[in-house]
Amino acid sequence: MQDYLKGLNEAQRSAVVETDGPSLVIAGAGSGKTRVLTFRIAHLLSEGVKPYRVLALTFTNKAAKEMKERIGSVVGQHIAGSLWMGTFHSIFARILRYESKHLGYPSSFTIYDSQDSKNLVKSIVKKMKLNEKAYKPGSVLARISAAKNDLVTPVVYARDVNRMTHDKASQMPMIHEIYARYMKECYKSGVMDFDDLLLNTNILFRDFPDVLKKYQDQFDFIMVDEYQDTNYSQYLIIKKLAEKHKNICVVGDDAQSIYSFRGAKIENILNFRNDYPGYKLFKLEQNYRSSQNIVNAANSIIEKNKGQIQKNVFSANDLGNPVRVLKAYSDVEEGFLITNDIFEKRMKEHLEYKDFAILYRTNAQSRVFEEALRKKNLPYKIYGGLSFYQRKEIKDLLAYFRLTINPADQEALKRVINYPARGIGKTTMDKLILAADSSDQSLWNILINPNISQLGINAGTQKKLANFVALIAQFKAQLENLSAYELAAEVASASGIMKDLHNDKSIEGQGRMDNIDELLNGIKDFTDSKQEEGEPAKLVNFLEDVALLTDQDNEKADDINKVTLMTIHSAKGLEFKNVYIVGVEEGLFPGTQSTDSEKNLEEERRLFYVAVTRAESNATISFARSRYKYGELTYSRPSRFIGDIDQAYLDVNPEDFVSNEKPQPSFRKPGLGQANSNLKPRIRMNYTSEAGQSKPKINFNASNTSGLQAGMRVEHERFGQGEVVSIEGVAPNVKATVKFNNAGQKQLLLKFAKLKILT
DNA sequence: AGGAACGTATAATCG
DNA sequence: ATACGTTCCT
């Protein structure tokens, strides 16, 4: 049973088996951190700890899902399935739904994404008649977010001298007031933003000790991954939950702390010893991922930072190749150089596309690489940027879903009340909003109020409003009866979205239609698999998942073997054989915003460290002497970070570093690159190539499973072939446990599962 | 009310 | 460069 301990080194093994009391695991890059976490949880479970008494917080949903599967393969999927494992946001959203009544929220609260938040801020600024030039929604929101992450409420904010001085200095003295109104509007609309999920959890635990006690009792063991990137709000939640049993294990690496811009406090990991005296310290220092050259080069970078936890990361792998530095004259040439290199290396070394990743500082840099890759016909996938769920047509449909679940959701209402066009315009909306504000009610309440006729809206428009209300009410009435897919399909057609897109015969319109199809297919998949596993598969459940998705959670099956393009931030935790770090220039990496303080610069340097340590065999750094920014040609010098790398591990042409030479604009031949690059519609490959991919195979005919018995071989549409382990339950809720060859062990409800009996 | 045409501000990193 | 907002016209 304890075979899994055999493959671990000594430090890893201690970190796995010493589960009592507080532990701090300092995990250097590539040191097998995920294995340790996985085995530690599996170890707990195999010792008889109940899965629902284990809370494990990860950084992304994807990480949680993968870890769950790995744990499941040791202890069984059904056990792993009952773990409280997920991101902070998803776990505490779940708790907040159970406990929402304490806070006066509906349990069906919906979640604003950052665009919704921005729109709300914008409308508040307008209402307050503030200067819209000075109060940029993004900046205002950043201040509000920072306050929330520090658990500073609007009242406290107004008394906080530091914050107020800061706001005055940046010409936005009224932020505290915007903040107060923002909170009020969210409350009124029954919505939370991302930060609220954590803030409200804190409020819940602070004001309702019984509730806190319940969860303190429940969670015997708590584990937190990427602890160096937790903010104060997250820190305090964990601290309170761990207070009773004190079985808390945090894992992290101070050298990889890269999220201070969203409130992460590197101090949380540095001060762990003060919070939990008597803690055990485990240091994972052997890097199994990268060659010696890469580890050494990375070490020489991070050495330039001060105040770190002492550690000695080393590699016992091959020496490997030095870190290579490439110079390009322009951003376009950079694209060609890198893609050529990938093309040739793949041929020469018989590698696969998935062995290559292009990492950049900002999403805006992805474009030239996309174009270069496309010209060379190399398949690629992009993370970040405009994700699938941020597309207009998708957001429109999701807004209908949100409104169906929570009609008070104001941003959702504003978004779709006149889409597809139904003759409800600005004038009408202004009247409604005025009424909502003066009576302190949600827009929806105004709409369903019989006194609506007194608002001076003409009879024709009133009729249109009534129709809209009836439409949403009709959807709402079906929330319980219909599955997620059934209701979603109904909403898509009855709302008129399908018809509207169908009428648009342009290429873009066609693409939008495909996207809606794809979303519906995704919901179908969601519904099928939840039903098969005997879990709720209503629209509410789908929306819950979608609201908290990250870029990385959208990966498609046939996206696997492609070149990866992503920001360095999203590459954290991942690894690739060959990594290209591009745009390593002053003013871009480090960015101009980061060069003003040593603290910011150190974070940028950690980011660079993270980038280099993603590579297993080869790391290549490139910079361009000129590039387009905001549509303007700019010139740049190689980044100071390149100089941070010890020359011994570097392969660079010294001539490229004569950085004072005058850049030569003539290198960009007009007509090449930029000029002819707008030939094709800019649709991302990873979404175009597989519209309809998830549609059920037509010729899969499921067998009648009434006579299914343990030991039989079966085939499943998505999970492939497997063997029935056991059958339990009485009709119609018979459940089969099936061990699939590739997908692991699953429990399936026979009334939903489509299984073909093979033997 | 709703669309076309024009002007302008904009892109850091994320759940 | 382009996405977004405003203005103007129907």
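Given the structure is predicted, the values throughout are model-derived calculations rather than measurements.
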*Base, sugar-phosphate alone, or nothing: which one does Phe88(A) contact when heavy atoms must sit under 4.0 Å apart?*
nothing

_Under 4.0 Å, heavy atom to any atom of DNA chain B: which of residues 423-431 of chain A qualify?_
Gly423(A), Gly425(A), Lys426(A), Thr427(A), Thr428(A)

*Out of dT10(B), dG15(B), dC14(B), which has the shortest distance to the side chain of Thr567(A)?*
dC14(B)

_Does Lys65(A), at its NZ atom, have more than 12 non-hydrogen atoms belonging to other residues, nucleotides or ligands within less than 6.0 Å?_
no

*Can you check the Lys136(A) NZ to dA12(B) C1' distance for me, whole Å?*
15 Å

*Between Ser145(A) and Asp195(A), does any side-chain donor sit less than 3.5 Å from a side-chain acceptor?*
yes

*Among Lys414(A), Arg415(A), Arg402(A), whose salt bridge (Lys or Arg N to Asp or Glu O under 4.0 Å) with Asp116(A) holds?*
Arg402(A)

*asked:* What's Lys572(A) touching, base or sugar-phosphate or nothing? Going by heavy atoms closer than 4.0 Å.
replied: nothing

_I'd like the P distance from dA11(B) over to dT6(C), given in whole Å._
15 Å

*Between dT13(B) (C1') and Tyr383(A) (OH): distance, integer Å*: 18 Å

*Candidates dG15(B), dT10(B), dT6(C) - which lies nearest the side chain of Tyr630(A)*: dT10(B)

*Roughly how many Å is it from CD1 in Ile581(A) to P in dT13(B), rounded to a whole number?*
18 Å

*Between Asn418(A) and Ser570(A), which has a closest nucleotide on DNA chain B that is more 5'?*
Asn418(A)

_Between Ser594(A) and Phe589(A), is there a side-chain heavy-atom distance shorter than 4.5 Å?_
no

*Rounded P spacing from dC4(C) to dT13(B) in Å*: 15 Å

*For the residue pair Ser257(A) and Asp254(A), confirm or rule out a side-chain donor-acceptor distance under 3.5 Å.*
no

*Within the structure shown, what part of the strands sits under 4.0 Å from Gln593(A) by heavy-atom distance: base, sugar-phosphate, or nothing?*
base

*asked:* As a test of reading the structure: which of dT10(B), dT6(C), dA1(C) is closest to the side chain of Arg367(A), going by heavy atoms?
replied: dA1(C)

*asked:* Counting the atoms with a prime plus P, OP1 and OP2 as sugar-phosphate, which does Lys133(A) contact under 4.0 Å by heavy atoms, base, sugar-phosphate, or nothing?
replied: sugar-phosphate

*Nearest to the side chain of Ala421(A) - dT13(B), dT10(B), dG2(B)?*
dG2(B)

_Can you identify which nucleotide, out of dA12(B), dC14(B), dT10(B), has its nearest atom closest to the Arg361(A) side chain?_
dA12(B)

*Indicate, with yes or no, if the rings of Tyr259(A) and Phe59(A) have centres closer together than 6.0 Å.*
yes

*Watson-Crick and G-U pairing of DNA chain B, under 3.5 Å, as dot-bracket with | and [ ]*: ||||||||||.....

_Just to be sure I understand the rule, does Lys118(A) reach a base, reach only the sugar-phosphate, or reach nothing, if contact means heavy atoms closer than 4.0 Å?_
nothing

_Of the listed nucleotides dT6(C), dG15(B), dA9(B), the one nearest the side chain of Lys126(A)_ = dT6(C)

*d(CG, Leu197(A); C1', dC14(B)) in whole Å*: 14 Å

*Check whether the ring centres of Phe369(A) and Tyr380(A) lie less than 6.0 Å apart, and answer yes or no.*
no

*Would you mind reading off the distance between Gln256(A) atom CD and dT13(B) atom C1', rounded to a whole angstrom?*
16 Å

_Cation-pi check, Arg97(A) onto Phe109(A) ring (under 6.0 Å, within 45° of axis)_ = yes

*How is Asp195(A) classified with respect to the nucleic acid when contacts are heavy atoms under 4.0 Å: base, sugar-phosphate, or nothing?*
base

_Euclidean distance, atom CG of residue Asp545(A) to atom P of dG15(B) [Å, nearest integer]_ = 15 Å

*Look at Lys122(A) and dG5(C) and indicate whether a side-chain polar atom (N or O) is within less than 4.0 Å of OP1 or OP2.*
yes

*Could you say whether the aromatic ring of Tyr259(A) and the base of dT13(B) stack, counting only centre distances under 5.5 Å and plane angles under 30°?*
no

*Could you tell me whether Asn363(A) contacts a base, only the sugar-phosphate backbone, or nothing, with contacts defined as non-hydrogen atoms closer than 4.0 Å?*
sugar-phosphate

_Nucleotide dT10(B), atom C1' - distance to CD of Glu632(A) in whole Å_ = 12 Å

*asked:* Between C1' on dG15(B) and CG on Asp193(A), what's the gap in Å once rounded to a whole number?
replied: 10 Å

*Choosing from dT13(B), dA11(B), dG15(B), which nucleotide comes nearest the side chain of Ala364(A)?*
dA11(B)

*asked:* Looking at Tyr232(A), I'd like to know if its OH atom is crowded, meaning that more than 12 non-hydrogen atoms belonging to other residues, nucleotides or ligands lie closer than 6.0 Å.
replied: no

*asked:* Is any side-chain heavy atom of Leu588(A) closer than 4.5 Å to one of Glu585(A)?
replied: yes

*asked:* Can you give me the closest heavy-atom contact between Ser117(A) and Asp193(A), atom names plus distance?
replied: OG-CB, 3.7 Å

